[in-house]
Amino acid sequence: MNNTSSKIDKIFTSFMDNHLFKNKFVLQLSYTPETIPHRDEQIEQIASILAPVLKGERTSNLFIYGKTGTGKTLSMQFIRNELLKRGGKDDLVIEYVNCKLKKVSDTEYRILAELIKKLGGSVPATGLPTDQVYNKFIELIDNKKKLIILIFDEIDHAVNKLSDNFLYNLTRLNGELVNSQISIVGISNNITFLDNLDPRVKSSLSEEELVFPPYNALQLRDILTERAKKAFNESVLDDGVIAKCAAFAAREHGDARRALDLLRIAGELAERNNLKKVSLGDIDLANEKIEREKILDIVRTEPKQFQLVLLAIIKLIDEQKLEEIFTGDVYNAYQELCEQTKNEVLTQRRIGDVLSEFDMMGLINSSVISKGRQGRMRKIKLAIPNQLKLKVREILFDSLSL
DNA sequence: CGAGATTCATGTGAAGTATACCTTTAGGCTTAA
DNA sequence: AAGCCTAAAGGTATACTTCACATGAATCTCGTA
């Protein structure tokens, strides 16, 4: 008893003694730094586009693109704070909605409801016809002179789900407002998003457009250096640690979020192992860990049929000790597996699609080859590293209750 | 021997179907005036 | 009467099926040298 508690004591004290992190929060997503390196140009542009609100004029609608982790959201939040600071009074309203958060705001109704709530009104969670919600919304914002900027983050998600009617209504709203005026800022990481939009919406939504390019390794390094200064204690990072994080993330389309995750997880790993410093090796470990979690997560959340197909592939490759297998083999193995587990068997057509989705997700590598008289098929290789295969199998067995 | 036709096993696209999940609507019930 | 709830009705996205046609190189066919 005493022994255990002293052990635990040891763990805790050594944990407390180990001061790798000064403030881990700085590396978290929700942290908003005071400065945003290498986004000066974009921020200036946004600022000059939105500046008219300070003089009480309506601004152009703005549309922002850029891949994940290029600082779109961050810059926009930054500008929002600055504008609110200067604009002061309640005649300037800037609301931010993330359209991707499921269950909160991914339908027209919910987005409106959320906006109304933020503006101080209230609507029942369900039941009202949409046009009434519109009316309520209009009433709420139009009761006195206001300038309103609505920021829709991850707007592409919403539009896929609820037709572009919503945007059309919003862009047209200005005509119905007597006192107030609305500007819309859309943020999307899908560059092709605008193309399959109603042309009317397209033109009015993208009065101004702005692209956030991916960070390159050097810029990522600056960002990391800055954050690391606040997040870690002095000289706990080995030389080159930051550069390596940056390089890894730059390879993944310059995703700053990824870079920060890498650094944080490397730090956590080092801390857990009671190391005094974060070394280059820890970055590799962190990278593996992220990669691993990603794969396991995909596997875990995949629907049953997908899991069956994946298991069929893994079994085939293991049992036959082959590197590559072909569509037909997979389908047969899959069929057997279905019978064994009493699941219904999908058509070959569908399995073909499942396989190409696996390819997209990076679970397998496949290419279509023709073997002449032996027909045409996908040549399939498993892209899951060997050490992970067991774990993946475990998850599959578990979730298919085998 | 070689050009062109054939063939295989599946890729790929379009269109249709079943299903689950939403939103809308209408009717009925409750509540407060 | 107004407000609220609920069940049915109507809509829509998703997951799948069916049908139809496309592919591309090994193989076959057959005319020709």
Side-chain angles (χ1 to χ4, degrees), chain A residues 97 99-117 121-137 139 154-170 190 192-193 196-198 201 298-313 316-317 320 322 324-339 341-361 363-381 399-400:
Chain A
V97 182
C99 306
K100 196 184 172 181
L101 298 174
K102 294 213 162 133
K103 302 281 187 301
V104 184
S105 44
D106 61 348
T107 72
E108 186 173 1
Y109 187 93
R110 287 190 192 140
I111 290 175
L112 273 174
E114 168 132 3
L115 278 173
I116 292 177
K117 216 189 297 169
S122 72
V123 275
T126 173
L128 257 44
T130 312
D131 58 330
Q132 274 196 40
V133 186
Y134 263 111
N135 289 339
K136 176 135 192 180
F137 178 63
E139 198 180 294
E154 319 256 359
I155 196 172
D156 40 333
H157 278 263
V159 172
N160 294 337
K161 274 199 107 137
L162 46 86
S163 84
D164 39 44
N165 235 330
F166 175 59
L167 288 176
Y168 181 59
N169 287 342
L170 273 180
N190 181 2
T192 58
F193 162 72
N196 30 28
L197 218 54
D198 187 316
V201 179
I298 292 177
V299 173
R300 212 172 287 134
T301 56
E302 217 56 23
K304 202 176 245 150
Q305 290 292 351
F306 283 59
Q307 292 185 334
L308 283 165
V309 177
L310 185 59
L311 187 55
I313 296 173
L316 258 185
I317 287 186
Q320 317 218 348
L322 294 172
E324 304 165 341
I325 50 178
F326 302 100
T327 313
D329 309 333
V330 174
Y331 190 66
N332 291 336
Y334 157 80
Q335 266 180 312
E336 274 176 40
L337 208 54
C338 280
E339 273 164 41
T341 57
K342 306 248 184 342
N343 278 294
E344 52 184 320
V345 184
L346 301 184
T347 40
Q348 188 140 354
R349 176 71 185 79
R350 180 88 253 272
I351 300 307
D353 283 348
V354 172
L355 287 174
S356 69
E357 280 183 52
F358 278 165
D359 196 17
M360 302 250 262
M361 291 188 279
L363 254 36
I364 61 175
N365 294 320
S366 74
S367 56
V368 181
I369 56 160
S370 179
K371 300 221 286 179
R373 264 264 149 113
Q374 274 78 263
R376 233 160 85 87
M377 64 263 279
R378 273 197 184 83
K379 190 169 75 177
I380 297 163
K381 266 197 244 176
S399 105
L400 297 167

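Lettering of chains follows the sequences in order, A, B, ..., and the numbering in each one begins at 1.
- The stretch residues 348-358 of chain A touches DNA chain B through A:Q348, A:R349, each having a heavy atom within less than 4.0 Å of the strand.
- When rounded to the nearest whole Å, the span between CD1 of A:I369 and C1' of B:dC8 equals 13 Å.
- A straight line from CZ of A:F326 to P of B:dG11 spans 12 Å, rounded to a whole angstrom.
- With sequence neighbours left out, A:F358 forms a ring-ring contact (aromatic ring centres under 6.0 Å, His included) with A:F306.
- Where A:V368 and A:G375 meet DNA chain B, the nucleotide closest to each residue was compared, and A:G375 sits on the side nearer the 5' end.
- As rounded to whole Å, 14 Å separates atom P of C:dG24 from atom CZ of A:R378.
- Atom OH of A:Y331 is separated from atom P of C:dC16 by 12 Å (rounded to the nearest Å).
- Side chain of A:Q348 to main chain of A:Y331: no donor-acceptor pair is present (N/O by atom type, distance under 3.5 Å, no hydrogens or angles).
- Every side-chain hydrogen bond (donor to acceptor under 3.5 Å, both in side chains) that A:D353 has, sequence neighbours left out, goes to A:R349.
- For A:E336, there are no side chain to side chain contact (heavy atoms under 4.5 Å, CB included) partners at least two apart in sequence or on another chain.
- Residues that satisfy the side-chain hydrogen bond (donor to acceptor under 3.5 Å, both in side chains) test with A:R300, not counting sequence neighbours, are absent from this structure.
- OP1 or OP2 of B:dA9 has not a single side-chain nitrogen or oxygen of A:T327 nearer than 4.0 Å.
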Where do N or O atoms of nucleotides 28-30 of chain C meet protein N or O atoms at under 3.5 Å, pair by pair?
none

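- For A:S356, there are no side-chain hydrogen bond (donor to acceptor under 3.5 Å, both in side chains) partners at least two apart in sequence or on another chain.
- Residues satisfying the side chain to side chain contact (heavy atoms under 4.5 Å, CB included) test with A:K304, not counting sequence neighbours, are A:N343, A:L400.
- B:dT19 atom P lies 15 Å from atom CD of A:Q305, rounded to whole Å.
- As a whole-Å value, the separation of A:M377 CE from B:dC8 P is 13 Å.
- Residues satisfying the side-chain hydrogen bond (donor to acceptor under 3.5 Å, both in side chains) criterion with A:E302, sequence neighbours excluded, are absent altogether.
- Across all strands shown, A:V330 has no heavy atoms under 4.0 Å from either base or sugar-phosphate atoms.
- For A:T347, a side-chain nitrogen or oxygen approaches OP1 or OP2 of C:dT17 to under 4.0 Å.
- Ion pairing of A:R350 with A:E357 is present here, as a side-chain N (NZ or NE/NH1/NH2) and a carboxylate O approach within less than 4.0 Å.
- Between the CZ atom of A:R376 and the P atom of C:dC21 there is a distance of 17 Å, rounded to whole Å.
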